[in-house]
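Counting begins at 1 with the first residue of the sequence. Just the heavy atoms: all of them, side chains too, but no hydrogens, waters or symmetry mates, feed the values below. Note that the structure is a prediction, hence the values are computed from the model and not measured.
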Amino acid sequence: MNSDISACDMPSLTVLGIETSCDETAAAIVRGPANAEILSNVVRSQIDEHTEFGGVVPEIAARAHIEVLDRIVDEAMKNAGCGWDDIDAVAATAGPGLIGGVIVGLMTAKAIAMAAGKPLVAVNHLEGHALTARLTDDLEFPFLLLLVSGGHSQFLLVKGVGDYERLGTTIDDAIGEAFDKTAKLLGLPYPGGPAVERMAAQGDVSRFKLPRPLLDRPGLDMSFAGLKTALRTQAKKLEPIDDQTVADLCAAFQRAVADVLASRTKSALSLFEDRFPGHPPVVVVAGGVAANKEIRSALTSTASEANARFVAPPLQLCTDNAAMIAWAGIEKMRLGPVDDMATSPRPRWPLDQTASGVLGSGKKGAKV
């Protein structure tokens, strides 16, 4: 791995990770950096709590985290066969996310770190997604990242831990939001992304022609609001719509998204090769939308055509989880910085501002 310190020169670290940024309560134990291993990874979804509202209700999410987080942490510790003497640090999501949930997780991590006498590592949730490929595939820097997580859809150059350069983003709806809004528009249940994918599998992708926004313009920015509007227009013309029409619309929508991502990924790989001549091109997709099989297939084909390596984490590590937070904690500790009890939660925390956006009064020190 490219880093200030080789993984081979590092002592093994065992880190407890906590993730509560949205509607999953998660805790995990990860050991690394050499011979990285997930010792446990417990995730408790809140789908049942939010289904009747058709989306995540922040107050309900925060309350649910409070009710179960202690038990989830205990389960992760037991599954890993670890006691507190075995833990070297506690890492927790400090943002971005729903502020109530972030506060619950970070305050719990602070309490554990203080009581157990362990370092605290505040992790950017998006950085957890960005670094997951290094946990699963021992990937070296730099690489191209397509981050499609929740309200984020971005192309980034990942040059090192805390060193990210945004190349393009959505100018309106993120992909996950577009999937959720499409599902709601078509009367599909929450969560919307998986529901659209299930219906698309039964649909005729050629029945409806939907736009591929911005593909006639240079750059890597994306737009999905117009695609959603075009789908709504088609649906309105055919009301009341039957199940087959819903499936056909889902298939057309999903294919349009996959086509946009494939086209932009091709351009991003070309830019990567210009910026890093001679470096083997690698494209990583991370975040919840990366679990979509058609999107994965389109990106795999695009990478293959460009003679680039394509890396996607296992499905269970694409959606929100604490293993990625624990691993990001290990990555950060390799470089020396740890945080203190003045660390504050941040509802907004752009990934390309991770290095400069110091939380609280985090200090350099406690090198391992």
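The cluster map of Ile, Leu, Val, Met, Phe, Trp and Tyr, joined by side-chain heavy atoms under 4.5 Å apart, puts Ile325 and Val161 in the same cluster. Both Phe141 and Leu126 are part of a single hydrophobic cluster, where members link through side-chain heavy atoms under 4.5 Å apart.
Between His152 and Pro96, some side-chain heavy-atom pair lies under the 4.5 Å cut-off. Side chains of Trp349 and His125 form no contact here, defined as non-hydrogen atoms less than 4.5 Å apart. With contacts defined as side-chain heavy-atom distances shorter than 4.5 Å, the pair Ser21/Leu98 does not qualify. No side-chain heavy atom of Leu299 sits under 4.5 Å from any side-chain heavy atom of Val283. Looking at Ile47 and Pro191, their side chains come closer than 4.5 Å, going by heavy atoms from C-beta outward. In this structure the side chain of Met222 never reaches within 4.5 angstrom of the side chain of Pro213, judged on heavy atoms. Within the 4.5 Å cutoff, no side-chain heavy atoms of Pro347 are placed close to those of Val102. Looking at Lys236 and Thr233, their side chains never come closer than 4.5 Å, going by heavy atoms from C-beta outward.
Applying the side chain to side chain contact (heavy atoms under 4.5 Å, CB included) test between Leu167 and each of Leu157, Asp221, Leu156 identifies Leu157 as the sole match.
Asp48 meets the side-chain hydrogen bond (donor to acceptor under 3.5 Å, both in side chains) test with no other residue; sequence neighbours excluded. Legend: residues meeting ring pair (Phe, Tyr, Trp, His ring centres under 6.0 Å) with His65, ordered by chain and number and at least two apart, are absent. Listed by chain and number, the residues in a side-chain hydrogen bond (donor to acceptor under 3.5 Å, both in side chains) with Lys184 amount to none (sequence neighbours excluded). When the side-chain hydrogen bond (donor to acceptor under 3.5 Å, both in side chains) test is applied to Lys159, the partners found at least two apart in sequence or on another chain are Glu165. In this view, Met114 and Met341 satisfy the side-chain contact (heavy atoms from CB on, under 4.5 Å) rule, not counting sequence neighbours. For Asp180, there are no side-chain hydrogen bond (donor to acceptor under 3.5 Å, both in side chains) partners at least two apart in sequence or on another chain. The side-chain contact (heavy atoms from CB on, under 4.5 Å) test applied to Cys250 returns Leu186, Leu188, Val196, Met199, Ala200, Val246, not counting sequence neighbours. With sequence neighbours left out, the ring pair (Phe, Tyr, Trp, His ring centres under 6.0 Å) criterion links Phe310 to no other residue. Every side-chain contact (heavy atoms from CB on, under 4.5 Å) that Asp86 has, sequence neighbours left out, goes to Cys82. Listed by chain and residue number, Asp137, Leu139, Val282, Val311 satisfy the side-chain contact (heavy atoms from CB on, under 4.5 Å) test with Arg309 (two or more places apart in sequence, or in another chain).
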Practice task
Please step through side-chain hydrogen bond (donor to acceptor under 3.5 Å, both in side chains) for the pair Asp242 and Thr245, ending with a clear verdict.
Solution key: CA-CA 5 Å; Asp242 56 25; Thr245 298; 2.8 Å; yes
Practice task
Could you give me the CA-CA distance, side-chain angles and deciding distance for Glu197 and Lys293, then say whether salt bridge (charged side-chain N to carboxylate O under 4.0 Å, His left out) is met?
Solution key: CA-CA 8 Å; Glu197 184 176 13; Lys293 293 179 181 177; 5.9 Å; no
Problem - Test side-chain contact (heavy atoms from CB on, under 4.5 Å) applied to Arg255 and Arg212, step by step - result: CA-CA 10 Å; Arg255 177 64 58 83; Arg212 275 64 172 163; 3.7 Å; yes
Practice task
Evaluate side-chain hydrogen bond (donor to acceptor under 3.5 Å, both in side chains) for Asn41 paired with Gln316, printing each intermediate quantity in order.
Solution key: CA-CA 10 Å; Asn41 190 24; Gln316 68 270 23; over 6 Å; no
Practice task
May I have the step-by-step check of side-chain contact (heavy atoms from CB on, under 4.5 Å) for Thr108 and Asp70, ending in yes or no?
Solution key: CA-CA 8 Å; Thr108 299; Asp70 288 350; 4.3 Å; yes
Practice task
Please report the C-alpha distance between Arg44 and Glu19 in whole Å, then the side-chain angles of each, then the deciding distance to 0.1 Å, and finally whether the salt bridge (charged side-chain N to carboxylate O under 4.0 Å, His left out) criterion is met.
Solution key: CA-CA 10 Å; Arg44 193 267 184 186; Glu19 157 60 23; over 6 Å; no
Problem - side-chain contact (heavy atoms from CB on, under 4.5 Å) evaluation trace for Lys332 with Asp339 - result: CA-CA 10 Å; Lys332 291 184 68 175; Asp339 299 277; 4.1 Å; yes
Practice task
Show your reasoning for whether side-chain contact (heavy atoms from CB on, under 4.5 Å) applies to Arg134 and Phe143.
Solution key: CA-CA 10 Å; Arg134 285 170 53 82; Phe143 56 86; 4.2 Å; yes
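The minimum heavy-atom distance linking Ala62 with Gly101 is given by the pair CB-N, 4.0 Å. Gly128 and Val123 get closest at one heavy-atom pair: N-CG1, 4.4 Å. In this structure, Arg31 and Ser12 approach most closely via the heavy-atom pair CG-OG, 3.0 Å. Here the shortest heavy-atom pairing between Leu135 and Ala323 reads CD2-O, 4.3 Å. Cys318 and Arg296 make their closest contact through SG-NH2, 3.0 Å (heavy atoms, listed as atom of the first residue, atom of the second, distance). The nearest pair of heavy atoms linking Trp327 to Val30 is CE3-CG1, 4.1 Å.
Other residues sharing a hydrophobic cluster with Ile103 under the 4.5 Å side-chain heavy-atom criterion for ILVMFWY residues are Ile99, Met107. Taking Ile, Leu, Val, Met, Phe, Trp and Tyr as members and joining any whose side-chain heavy atoms lie under 4.5 Å apart, directly or through other members, the hydrophobic cluster of Val73 also contains Leu16, Ile18, Ile29, Leu39, Ile66, Leu69, Met77, Trp84, Ile87, Val90, Val104, Ile112.
Atom CG of Asp85 has 12 or fewer neighbouring heavy atoms from other residues, nucleotides or ligands inside a 6.0 Å radius. Residue Asn35 places its CG atom among 12 or fewer non-hydrogen atoms of other residues, nucleotides or ligands, all under 6.0 Å distant.
The OH atom of Tyr164 sits 8.0 Å away from the CG atom of Asn124 when rounded to the nearest 0.5 Å. Separation of atoms CG (Leu220) and CG (Leu214) is listed at 11.0 Å; rounding is to 0.5 Å. Here the CG-NZ distance, from Leu271 to Lys266, works out to 14.5 Å after rounding to the nearest 0.5 Å. How far OG1 of Thr20 is from CG of Asp23: 11.5 Å, rounded to the nearest 0.5 Å. Within the model, atoms CG of Asn79 and CD of Glu75 stand 5.0 Å from one another, a figure rounded to the nearest 0.5 Å. With rounding to the nearest 0.5 Å, the separation of CG in Leu249 from CZ in Arg232 is 12.5 Å.
Ring-plane geometry between Phe272 and Phe276 is classed as tilted, the angle between the planes lying from 30 to 60 degrees on a 0 to 90 degree scale.
Here the two rings, on Phe253 and Phe208, have centers that are 6.0 Å apart or farther.
Between Lys228 and Asp173 there is a salt bridge, since at least one side-chain N of the basic residue sits less than 4.0 Å from a carboxylate O of the acidic one.
Using modelled atom types, no side-chain atom of Gln254 and backbone atom of Ala251 make a donor-acceptor pair closer than 3.5 Å.
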